[in-house]
Participant: 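Quick one: structure below, then a few questions.
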Amino acid sequence: MQYPLRLKFGHHRYALKVLALGFCLIAMTGCANMSPTGQRALSGGAIGAAGGAVLGAVVGGNPAVGAAVGGAAGAATGALMH
């Protein structure tokens, strides 16, 4: 059975990009009624995830693991900052 939107090469990468974009849009609209601590935790997690993914890719490791570790560390740091 052929699917009309199925790509030959990189269809998983395309799906991940769409999923990431949707997640970012939901996260950005959900920040309006958050407490300042929650906003700091969310922004710290996002910055940490981005930095961790870049660092994971640069050192030749796994960018997903770098993003997970960086996001957790950034969220914890953002939540603890005053």
Participant: Which value, rounded to the nearest 0.5 Å, describes the distance between I47 atom CD1 and L42 atom CG?
Facilitator: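 So the CD1 of I47 and the CG of L42 are separated by 9.5 Å.
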Participant: Hydrophobic side-chain clustering at under 4.5 Å (ILVMFWY, transitive links): who's grouped with V54? Put none if nobody.
Facilitator: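 The other cluster members (ILVMFWY side chains, heavy atoms under 4.5 Å, direct or chained) are V58.
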Participant: Could you report the tightest heavy-atom contact between S43 and R40, atom names first, then the distance?
Facilitator: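 Shortest heavy-atom separation between S43 and R40 comes out as OG-O, 3.2 Å.
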